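First the structure, in the form of structure tokens, and then the observations on it.
What you are looking at is a predicted structure, and each value in this text was computed from that prediction instead of being measured.
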Amino acid sequence: MATMESLIGLVNRIQRACTVLGDHGGGGGEGSLWEALPSVAVVGGQSSGKSSVLESIVGRDFLPRGSGIVTRRPLVLQLHKTDGGHEYAEFLHAPRKRFTDFAAVRKEIADETDRITGKTKAISNVPIHLSIYSPHVVNLTLIDLPGLTKVAVEGQAESIVQDIENMVRSYVDKPNCIILAISPANQDIATSDAIKLARDVDPSGDRTFGVLTKLDLMDKGTNAVDVLEGRQYRLQHPWVGIVNRSQADINKNVDMLSARRKEKEYFESSPEYGHLAHKMGAEYLAKLLSQHLEAVIRAKIPSIIALINKTIDEIEAQLDRLGRPIGGDAGAQLYTILDMCRAFDRVFKEHLDGGRPGGDRIYGVFDNQLPTALKKLPFDRHLSMQNVRKVISEADGYQPHLIAPEQGYRRLIDSSLSYFKGPAEASVDAVHLVLKELVRRSIAATEELKRFPTLQSDIAAAANESLERFREDGRKTVLRLVEMEASYLTVEFFRKLPTEPEKAADKNTPVSDRYQDNHLRRIGSNVSSYINMVCETLRNTIPKAVVHCQVKEAKRNLLNRFYAHVGSKEKKQLSAMLDEDPALMEKRDALVKRLELYKSARNEIDSVAWK
């Protein structure tokens, strides 16, 4: 299994790539990959301590401060854990600039906010994207949202209260959003803006984490133990208490690492919270969120893959619909196109044969994925005594069998063998994805093709079309292997089985019942042994069929139909393959980048899911 850091780090990279390509909606963008990937939205009322919590998690003082509404645009904060080195930050709107001074980060957030909203108290739903790279953080994506408020102040539109709530809801309404609800401990939890909103959008509390700030500012003689222990307001996840820096600490420029130490000392020495100290503080909160985020991501992998596949199909359809520009001399064009094809074919074969990386993933399908899938087949349930009794009884009909339940055996074996179709087809599909990725890599690595984006697309489409045919041949072949096992059973296997019934173990059980249970148990055991024998056979024959139908064919005949197709084209058609209108090239380039992003995301997520 992949580590938590690698899985969340992968999602962080994919989200950032989506953002660079504009494949996100800043709270909207239904159906985009960015929206499908879970993240954490930080919600709270104004002056609830949201910014301090974020800074405690990061371990840096980097957010603008002030009275009233300070966060006026969503801040998408991606934390990337590094192995060492210097801490630094990067903004999406300034990708070539690396910030090592976090006071400059604070100023840039304020300046970038003003660039959209002006120097007013207005808000905007256009997010600021900030990435922080540090050895002191956990991999995490946090979205800092404007603080909820109850009244508009001077300089704000009357609609500001509803505008902020609508913006916050556009994030937290989504089922993939984890809600970090910030509430100050020195106010009644029943009036908490964050908890009220979280209860509306997540009534079960499955997505909500409660955080209590300002524990050190509560009235003397009071405490928040009832809240922290879930007695006053219960959530599915534990409450976490936070002690932020005091204003005096901020004025003295006390750094965040020192503040963390003071926070830890506060909880450990507190008579009220000492027993909860191990579950309190910003460091614990960060680890808790990271662990939960990893679990949510892993659970969402199937739906994420489904969305990626759907979007890939849509993008490829868009690429297929793009028009063709006009070119030059027919003979030279045909020679150039065929030469480009041969160059691509050489690179593709190098990937398969080991001269370039990637081909080894095919062996990984046979050595890891297929055996794992076979082990997970539900034969224990299918061959349980209850199911064996049901199948044997149904097969016997009105007249029970006399010696051996021939029809019952066959039905049990046939239905068991059908389970092998899933892993067989999955192996075909997994190798197909590897071959498609090798096609993509080969096109990208063929320098000669980079001048001709249209020809790149044509070769990719032709190669993928061939791979689809090879996949269909492979699927038919592996299914035929399974069907062959069901068509003719190995008689010798059953002739060697003992025919005497087992002796009853329990003297208090009626003889007929004891015989029936042992009889059924033996039938299930015999069928299981036979299925295990077939499983070993298919484990060896499925890879042979897949390599023969898909890998070998890809090496020999990947572009054969394309060669014939190109040879029949006229001059104008050949020209269109080697030249493009600049606007069309720009559009295709954008689509190709999105396609590569989604394919890369699918392959990376798939590789993590199979570990």
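- Listed by first and then second residue, the side-chain hydrogen bond (donor to acceptor under 3.5 Å, both in side chains) pairs that reach into residues 337-349 are Asp345-Lys349, sequence neighbours excluded.
- Annotation: cation-pi geometry not satisfied between Arg106 and Phe62 (NZ/CZ under 6.0 angstrom from ring centroid, within 45° of ring axis).
- Side chains of Thr117 and Arg72: a donor on one and an acceptor on the other come within 3.5 Å.
- Between Leu435 and Leu558 the shortest side-chain heavy-atom distance does not fall below 4.5 Å.
- Considering CG of Leu289 and NE2 of His237, their distance stands at 9.5 Å, rounded to 0.5 Å.
- Within the structure, salt bridge (Lys or Arg N to Asp or Glu O under 4.0 Å) contacts touching residues 124-133 (residues at least two apart or in different chains) do not occur.
- Judged by distance alone, with hydrogens and angles left aside, the side-chain atoms of Arg73 form a donor-acceptor pair with the main-chain N or O of Pro127 at under 3.5 Å.
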Subject >> Lys555 vs Asp353, side chain to side chain contact (heavy atoms under 4.5 Å, CB included): CA-CA, chis, key distance, verdict >> reply: CA-CA 9 Å; Lys555 285 184 67 175; Asp353 293 334; 2.9 Å; yes
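- For the pairing with Leu130, the side-chain contact (heavy atoms from CB on, under 4.5 Å) check across Asp144, Ile109, Leu79 returns one residue only, Ile109.
- Of the possible donor and acceptor atoms, one in the side chain of Lys81 sits under 3.5 Å from a partner among the backbone N and O of Pro135.
- Listed for the Gln550 side chain is a donor-acceptor partner under 3.5 Å among the backbone atoms of Val428.
- In Lys599, the NZ atom is crowded: over 12 heavy atoms of neighbouring residues, nucleotides or ligands sit closer than 6.0 Å.
- Legend: residues meeting ring pair (Phe, Tyr, Trp, His ring centres under 6.0 Å) with Phe470, ordered by chain and number and at least two apart, are absent.
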**OP:** Give the intermediate values and the outcome of side chain to side chain contact (heavy atoms under 4.5 Å, CB included) for residues Gln456 and Val592.
**Re:** CA-CA 10 Å; Gln456 276 187 324; Val592 167; over 6 Å; no
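- With sequence neighbours excluded, no residue forms a salt bridge (Lys or Arg N to Asp or Glu O under 4.0 Å) with Asp367.
- Put simply, the side chain of Asp202 gets close to the backbone of Asp206: a donor and an acceptor are under 3.5 Å apart.
- Not a single ring pair (Phe, Tyr, Trp, His ring centres under 6.0 Å) links Phe562 to another residue, sequence neighbours left out.
- Smallest separation of non-hydrogen atoms from Met167 and Pro74: SD-CG, 3.7 Å.
- Listed by chain and residue number, nothing satisfies the side chain to side chain donor-acceptor pair (under 3.5 Å) test with Gln236 (two or more places apart in sequence, or in another chain).
- Using a cut-off of 4.0 Å between Lys/Arg side-chain N and Asp/Glu carboxylate O, Lys593 and Glu596 are scored as not salt-bridged.
- The shortest non-hydrogen separation linking Ser39 to Thr141 is CB-CG2, 3.7 Å.
- Residues Leu438 and Ser442 approach most closely at O-OG, 2.6 Å, considering heavy atoms.
- With values rounded to the nearest 0.5 angstrom, Leu54 atom CG is found 8.0 Å from Thr71 atom OG1.
- In this structure, Glu108 pairs ionically with Arg115, as a charged nitrogen and a carboxylate oxygen lie closer than 4.0 Å.
- Counting non-hydrogen atoms of neighbouring residues, nucleotides and ligands closer than 6.0 angstrom, the OH atom of Tyr563 exceeds 12 such neighbours.
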**OP:** Just do the side chain to side chain contact (heavy atoms under 4.5 Å, CB included) check on Glu483 and Lys421 with the steps written out, would you?
**Re:** CA-CA 9 Å; Glu483 289 162 1; Lys421 292 180 179 180; 4.3 Å; yes
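- Considering only heavy atoms from C-beta on, Ile542 comes within 4.5 Å of Val546 through its side chain.
- A donor-acceptor distance shorter than 3.5 angstrom exists from the side chain of Asp360 to the backbone of Gly358, with no hydrogens or angles considered.
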Subject >> Criterion salt bridge (charged side-chain N to carboxylate O under 4.0 Å, His left out) on Arg440 and Glu437, from CA distance to verdict >> reply: CA-CA 5 Å; Arg440 185 194 68 79; Glu437 172 62 11; 2.5 Å; yes
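- In this structure, Ile308 CD1 and Tyr598 OH are separated by 7.5 Å, a value rounded to the nearest 0.5 Å.
- Classification of the Tyr88-Tyr133 ring pair by plane angle, with boundaries at 30° and 60°, yields parallel.
- Looking at Thr208, its side chain never comes within 3.5 Å of a backbone N or O of Gly205 through a donor-acceptor pair.
- By the side chain to side chain donor-acceptor pair (under 3.5 Å) test, Glu425 pairs with Arg475, sequence neighbours left out.
- In Lys569, the NZ atom is crowded: over 12 heavy atoms of neighbouring residues, nucleotides or ligands sit closer than 6.0 Å.
- Note that the OG atom of Ser131 and the CG atom of Leu77 stand 8.0 Å from one another [nearest 0.5 Å].
- Contact check for Leu63 versus Leu75: side-chain heavy atoms found under the 4.5 Å cut-off.
- Under the ring pair (Phe, Tyr, Trp, His ring centres under 6.0 Å) criterion, His93 pairs with Phe91, not counting sequence neighbours.
- Under the salt bridge (Lys or Arg N to Asp or Glu O under 4.0 Å) criterion, Lys436 pairs with no residue, sequence neighbours left out.
- Remark: Arg361 CZ to Gln369 CD distance equals 9.0 Å, nearest 0.5 Å.
- The two residues Ala545 and Val478 make their nearest non-hydrogen contact at CB-CG1, 4.0 Å.
- Atom CG of Leu197 sits about 8.0 Å away from atom CG of Asp173, to the nearest 0.5 Å.
- The shortest non-hydrogen separation linking Leu148 to Ala194 is CD1-N, 4.2 Å.
- In this structure a side-chain-to-backbone donor-acceptor pair under 3.5 Å is present from Lys50 to Leu145.
- Judged as a side chain to side chain donor-acceptor pair (under 3.5 Å), and not counting sequence neighbours, the contacts of Ser600 are Glu604.
- Residues that satisfy the ring pair (Phe, Tyr, Trp, His ring centres under 6.0 Å) test with His432, not counting sequence neighbours, are absent from this structure.
- Applying the side chain to side chain donor-acceptor pair (under 3.5 Å) test to Arg539 and every residue at least two apart in sequence or in another chain returns nothing.
- Here the side chains of Asp429 and Leu433 are not in contact, with every heavy-atom distance at 4.5 Å or above.
- Here the closest heavy-atom approach between residue Ile132 and residue Ala89 is recorded as CG1-CB, 4.1 Å.
- When side chains are defined from C-beta on, Leu377 counts as touching Pro423, because their heavy atoms get closer than 4.5 Å.
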Original post:
Run the side chain to side chain contact (heavy atoms under 4.5 Å, CB included) check on Phe366 and Val431 step by step: do they pass?
Top reply: CA-CA 9 Å; Phe366 304 143; Val431 171; 4.0 Å; yes
**OP:** Determine, step by step, whether Glu468 and Asn464 satisfy the side-chain hydrogen bond (donor to acceptor under 3.5 Å, both in side chains) criterion, reporting the C-alpha distance in whole Å, the side-chain angles of both residues, the deciding distance to 0.1 Å, and the verdict.
**Re:** CA-CA 6 Å; Glu468 290 289 346; Asn464 287 329; over 6 Å; no
